Amino acid sequence: MNKLLRKKSGFTLIELMIVVAIIGILAAIALPAFIGYVRRSKTSEATSNLKSMFTGAAAYYNAERASSRGISATSSGHCTVGTASFEPASIGQDKHTHDYTTNANFAQIGFSIADPHYFAYQITSAASTCANTKGTDLYTFHAQADLDGDSTYSLFEMAVASDSSNNELYHGVGFYVKNELE
């Protein structure tokens with residue numbers, strides 16, 4: 001009977017140390033992977049918004065425009081917008097909101113972002129014109145952000161041109177990406 005009373009159940013110190021070591025190893029492996037997933041999710045914003053800029057630019061490019069009211073007005077198509085510098089001008093690692101409609105070039109292609117976002121956006125345009133631009137490079141859309149506050153920027157670019165046969169906008173196969181997860 002005394003034997004049964006003396007025997008206590010529980011974990012020994014060595015067993016507890018082994019469990020703590022295993023948890024530490026798992027955390028050391030999982031934490032960098034988790035940080036990478038978070039950064040990658042932040043960069044998905046850039047590709048989505050660059051595609052939105054392309055869609056707006058393509059709609060603007062294909063729209064007919066009239067020079068005055070009336071039936072005899074001359075019309076033009078295949079218009080492009082001019083260059084727009086990075087907006088907002090200063091960005092950090094925190095989310096921000098910005099009204100892109102205050103810039104005429106962003107407003108003309110209908111680009112705006114309702115939710116807070118990490119990236120600043122820019123349009124580099126060959127020219128602001130309504131002309132036959134078959135087979136020429138017209139735009140480069142840029143997205144730039146400092147995702148972790150170290151003054152190294154992630155940069156995403158989408159090149160846009162008009163094709164030489166149908167004079168419709170198309171974009172490159174992929175994005176040019178520099179320092180994706182910086």
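Here the structure is a predicted model, which is why all the values come from computation and not from measurement.
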Query - Any T43 side-chain heavy atom under 4.5 Å of L147 side chain - result: yes
Query raised in the report: Who are the ring-ring contact (aromatic ring centres under 6.0 Å, His included) partners of F119, not counting sequence neighbours?
Result: F156
Report summary line: Taken to the nearest 0.5 Å, the spacing of T124 OG1 from D137 CG works out to 12.0 Å
Report task. Could you tell me whether the side chain of Q93 reaches within less than 4.5 Å of the side chain of D146, counting heavy atoms only? Result -> no
Query raised in the report: Under a single-linkage definition using a 4.5 Å side-chain heavy-atom cutoff for Ile, Leu, Val, Met, Phe, Trp and Tyr, are I113 and M53 assigned to the same hydrophobic cluster?
Result: yes
Query raised in the report: How about F141 and K51: do any of their side-chain heavy atoms sit closer than 4.5 Å?
Result: no
Requested in this report: For residues E87 and T102, report the shortest heavy-atom separation together with the two atoms involved.
Outcome: OE1-OG1, 4.4 Å
Report task. Mind checking side chain to side chain donor-acceptor pair (under 3.5 Å) for Y121 and listing every partner two or more places apart, or none if nothing turns up? Result -> E45, N49
Query raised in the report: What's in the same ILVMFWY side-chain cluster as M17, cut-off under 4.5 Å, chained through other members?
Result: L13
Report summary line: Correct closest heavy-atom pair for A107 and T101 would be CB-O, 3.7 Å
Query raised in the report: Do you know the tightest heavy-atom contact between I91 and A145?
Result: CD1-CA, 3.3 Å
Query raised in the report: Distance from Y118 atom OH to H96 atom NE2, nearest 0.5 Å?
Result: 10.5 Å
Requested in this report: Could you check Q108 against N105 for side chain to side chain contact (heavy atoms under 4.5 Å, CB included), going step by step and ending with a plain yes or no?
Outcome: CA-CA 5 Å; Q108 286 176 324; N105 295 323; 3.7 Å; yes
Donor-acceptor pairs under 3.5 angstrom involving side-chain atoms of residues 24-33: please list them, not counting sequence neighbours.
none

Query raised in the report: Any chain of hydrophobic side-chain contacts (each under 4.5 Å) joining L50 to L155?
Result: no
Query raised in the report: Quick one: do F54 and F86 end up in the same hydrophobic cluster if we chain Ile, Leu, Val, Met, Phe, Trp and Tyr together by side-chain heavy atoms under 4.5 Å apart?
Result: no
Query raised in the report: Taking all atoms of both residues into account, what is the closest heavy-atom pair of G82 and S125, and its distance?
Result: C-CB, 3.6 Å
Report task. Would you please indicate if the ring centroids of H98 and F106 are separated by under 6.0 Å? Result -> no
Query raised in the report: With sequence neighbours excluded, what pairs up with E168 under the salt bridge (charged side-chain N to carboxylate O under 4.0 Å, His left out) test?
Result: none
Report summary line: Rounding to 0.5 Å, atoms CD1 (I109) and CD1 (I123) come to a distance of 4.0 Å
Report summary line: In short, S112 meets Y100 closest at the heavy-atom pair CA-CB, 4.3 Å
Report summary line: The side chain to side chain donor-acceptor pair (under 3.5 Å) partners of Q122 (sequence neighbours excluded) come to none
Query raised in the report: Would you call E180 and R39 a salt bridge, taking side-chain N to carboxylate O under 4.0 Å as the test?
Result: no
Query raised in the report: Taking the side chain as C-beta and beyond, is there a heavy-atom pair between V20 and L16 under 4.5 Å?
Result: no
Requested in this report: Could you tell me whether the side chain of C130 reaches within less than 4.5 Å of the side chain of Y61, counting heavy atoms only?
Outcome: no
Report summary line: Interatomic distance, OG@S154 vs CG@D148, rounded to 0.5 Å, equals 8.0 Å
Query raised in the report: Once you round to the nearest 0.5 Å, how far does CG of L138 lie from OG1 of T136?
Result: 4.0 Å
Report task. Write down the atom of A84, the atom of N103, and the distance for their closest heavy-atom approach. Result -> CB-ND2, 3.7 Å
